[in-house]
Amino acid sequence: MTESPEAANQSAAPPTPPPLVVASGLRRDYQVGQSTVHALAGIDVTIAASEAVAIVGRSGSGKSTLLNVLGGLERPSAGSITVAGHDLGCLSRDELAVYRLRTVGFVFQSFHLVPHLSVLENVALPMMIAGVGWLARRRRAKELLERTGLSERMRHRPTELSGGERQRVAVARALANEPKLLLADEPTGNLDTKTAGEIMGLIREERTRAGAALVLVTHERDVAHENAERMIELQDGAVLSDRPTAPSGEVAEQADAAGAEEAA
Amino acid sequence: MKRIDLIRLTLSNLRRQKLRTALTVTGVIVGTAAVTTMVSIGIGVKRSLIAPLEQAELLTSLTVQPVKLDLGSFSFSDLGRGGMQKLRERKSITDETIAEIAAIEHVRVVYPDKNVPLSLEVEGGKISVVGIDVIPDAAITEGMREAILAGGYWDQTGRGGAVLPSSRLEDLGVASPEEAVGRDAIFRSPGAFYETKPGAEVSENRRRVTVPIIGVYESQALGLAGTRVLLPPGVGDDAAELAGPIGKMTFGGPVKDGEYRALSVKVTDFEHLDEVRAAIDDKGYGTMTAGDLIGVIDTVFIGIEAALGLIGSVGLIVAFFGIANTMVMAVLERTREIGTLKALGARDRDVRRLFVMEAATIGFLGGLLGVGVSKLLGALGDLIANAFFARGENQTPLDLFQISTPLALGAVAFAVVTAVIAGAYPAWRASRLDPVVALRHE
């Protein structure tokens with residue numbers, strides 16, 4: 001009896017995909033004058049590919065620092081962090097830049113668009129840095145902008161756009177190089193409630209389409225519940241709680257209440 | 001990042017700050033124009049010295065001397081014992097030597113060098129000092145025939161006489177070439193000119209040789225040699241005798257009877273000059289060509305051009321600080337943008353190249369326009385120089401500011417290099433910015 005390769009595959013147990021992010025004992029210290037601030041004081045976290053995780057906590061709890069370390073903008077002081085096979089603690093400056101270029105997409109609270117480039121050029125910028133040709137990157141940038149509903153605004157400068165529109169541009173830009181990990185740092189912090197909802201909808205939709213994992217930093221628990229499958233709460237640079245968010249609003253509220261009690 | 005995108009971004013950045021870019025570029029324009037103009041003056045002056053040496057007549061000529069002298073490696077020690085030793089080793093140049101050299105392949109004609117100064121009085125004109133040259137018929141070239149303005153040479157007119165250079169007619173009180181032909185030329189020893197007070201009679205007891213003027217040639221066409229009065233052998237030899245011991249002097253004292261102080265050799269064409277020269281050198285004689293003199297002038301001018309260039313560079317040094325200042329400001333202003341670029345994945349070297357490219361572009365624009373400005377200044381300068389020196393119609397206009405293609409390219413390259421160095425430090429600082437800090441910058 002000859003075994004076909006397909007049969008062999010079927011007989012073997014499907015391998016569990018390795019997690020996208022594995023961090024253990026992650027520390028990040030800052031020197032402020034004479035004293036040392038422990039922004040991250042030993043964090044262990046694992047994030048699966050295509051998982052959506054919200055990070056909540058008060059300001060100063062280390063949310064943004066964790067996001068910056070995940071995004072390769074800051075190096076860990078101690079501990080290890082591996083994202084998509086890259087050991088971020090060991091990468092050179094250049095390798096870290098390439099990691100930011102190819103593996104992650106960043107959405108910032110204050111957009112960080114380049115003011116003198118058009119909307120189209122801003123979205124094409126990561127592809128330009130990656131060395132993608134003019135025609136190809138314009139085609140992709142246009143496609144992304146059409147999906148984000150900004151095809152009418154492609155030639156405008158960012159300063160001519162509303163906050164919501166700017167953040168749409170930033171989301172399109174973050175997706176330009178097809179990242180495996182989408183990082184959003186308070187993406188709706190500068191927006192009104194209605195626009196914020198639209199932006200989060202866009203992020204959700206686009207990251208599902210791209211099949212990327214999402215790490216969303218927010219201080220609003222509602223936003224975390226609505227947009228993430230899992231919520232990690234940080235306090236003083238350590239993980240306070242790490243649990244799934246309930247899918248429906250009612251359960252979310254209960255979970256939220258429980259979280260609040262736990263925190264108190 | 002692709003090079004084309006680097007250029008695109010650079011131009012976009014420069015356009016954003018139009019006024020500042022324009023001011024910085026202006027600094028580079030001034031600097032480049034200063035360097036280029038200074039060096040071009042050096043080159044122009046050198047060219048105006050060398051050009052008369054580069055006439056075809058001179059480039060196929062060489063002079064044979066009894067002593068080997070090396071103009072290129074002259075040093076003061078040559079004046080000492082070694083130099084005297086050389087002079088004592090002097091060969092004697094006789095009719096035998098002439099025959100010997102005439103036998104060398106590619107030698108067209110050999111004749112004794114009888115170039116001496118004499119005083120010349122044109123009948124009904126004025127008296128002046130001229131150089132004469134006694135040349136055989138075979139030494140009259142096509143170029144010399146083409147240069148004739150009036151009359152002709154003795155082998156054409158059938159009459160032995162003097163052929164005058166056009167550039168000396170005014171000194172000799174003759175209005176035009178046509179007026180000179182047919183009048184008498186009276187040669188006396190050069191002292192006669194200095195003894196003569198304006199308007200006074202020349203003392204008649206001086207020996208003199210009188211020959212008719214049979215032709216006038218265009219001085220410009222013969223370059224450096226275009227100031228000499230040409231005479232045929234015979235009357236020419238008689239005239240040369242008037243100069244007395246002056247015509248017999250050579251290195252290390254007067255020549256003996258039957259010896260010549262030097263020979264003129266005309267080669268069939270320029271390509272064979274070195275070959276003929278080597279053959280004569282092998283026989284132990286010294287040789288000299290116009291090329292040697294060009295070499296000496298070249299050597300001297302390397303120093304002069306360098307000094308002028310250095311003075312001009314002061315302008316570019318000032319421009320250097322202007323560029324550095326502009327780039328430092330640009331980095332400061334664009335800190336957030338640099339942070340964005342780095343957060344999106346630009347490497348240190350991408351950021352560095354962006355700013356270096358920006359500085360280089362400023363240098364390139366300034367250099368290019370600076371060379372243009374220098375060309376305009378040069379044209380203006382030449383115009384003024386020619387008006388000031390009121391050059392005669394028979395003379396080619398001065399071209400003192402010479403901006404050759406290598407000089408223009410060199411000046412632009414110099415401006416670009418200066419700019420790149422000025423931009424290197426700000427660019428490096430930009431590349432080392434921490435993206436997190438840069439993004440927070442207000």
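Here is how names work: the chains are called A, B, and so on, in the same order as the sequence lines, proteins then strands, and each is numbered from 1. Scope of the values below: all heavy atoms of this structure, side chains included, with no hydrogens, waters or symmetry mates.
- For the residue pair A/H112 and B/E337, no side-chain donor N or O sits within less than 3.5 Å of a side-chain acceptor on the partner.
- Contact of A/R173 with chain B is made through the side chain alone, with heavy-atom distances under 4.5 Å.
- Here the closest non-hydrogen pair linking B/A346 and A/A97 is O-CB, 3.7 Å.
- One finds a salt bridge joining B/D348 and A/R93 here, because a Lys/Arg side-chain nitrogen approaches an Asp/Glu carboxylate oxygen to under 4.0 Å.
- A distance of 12.5 Å separates CG of B/L439 from CD of A/Q109, quoted to the nearest 0.5 Å.
- One distance of note links CE of A/M127 with CG of B/L344; it measures 11.0 Å at 0.5 Å rounding.
- The contact between A/L125 and chain B is made entirely by side chain atoms (from C-beta outward), counting heavy-atom distances below 4.5 Å.
- No option in A/L96, A/V98, A/L101, A/I129 other than A/V98 meets the side-chain contact (heavy atoms from CB on, under 4.5 Å) test with B/R347.
- Listed for the A/R100 side chain is a donor-acceptor partner under 3.5 Å among the backbone atoms of B/K342.
- In this structure, the portion of A/N68 lying under 4.5 Å from any heavy atom of chain B is its side chain and not its backbone.
- Neither the backbone nor the side chain of A/Y99 comes within contact range of chain B; no heavy atom of the residue lies under 4.5 Å from a heavy atom of that chain.
- Taking each heavy atom of A/V132 and B/D5 in turn, the nearest pair found is O-OD2, 4.3 Å.
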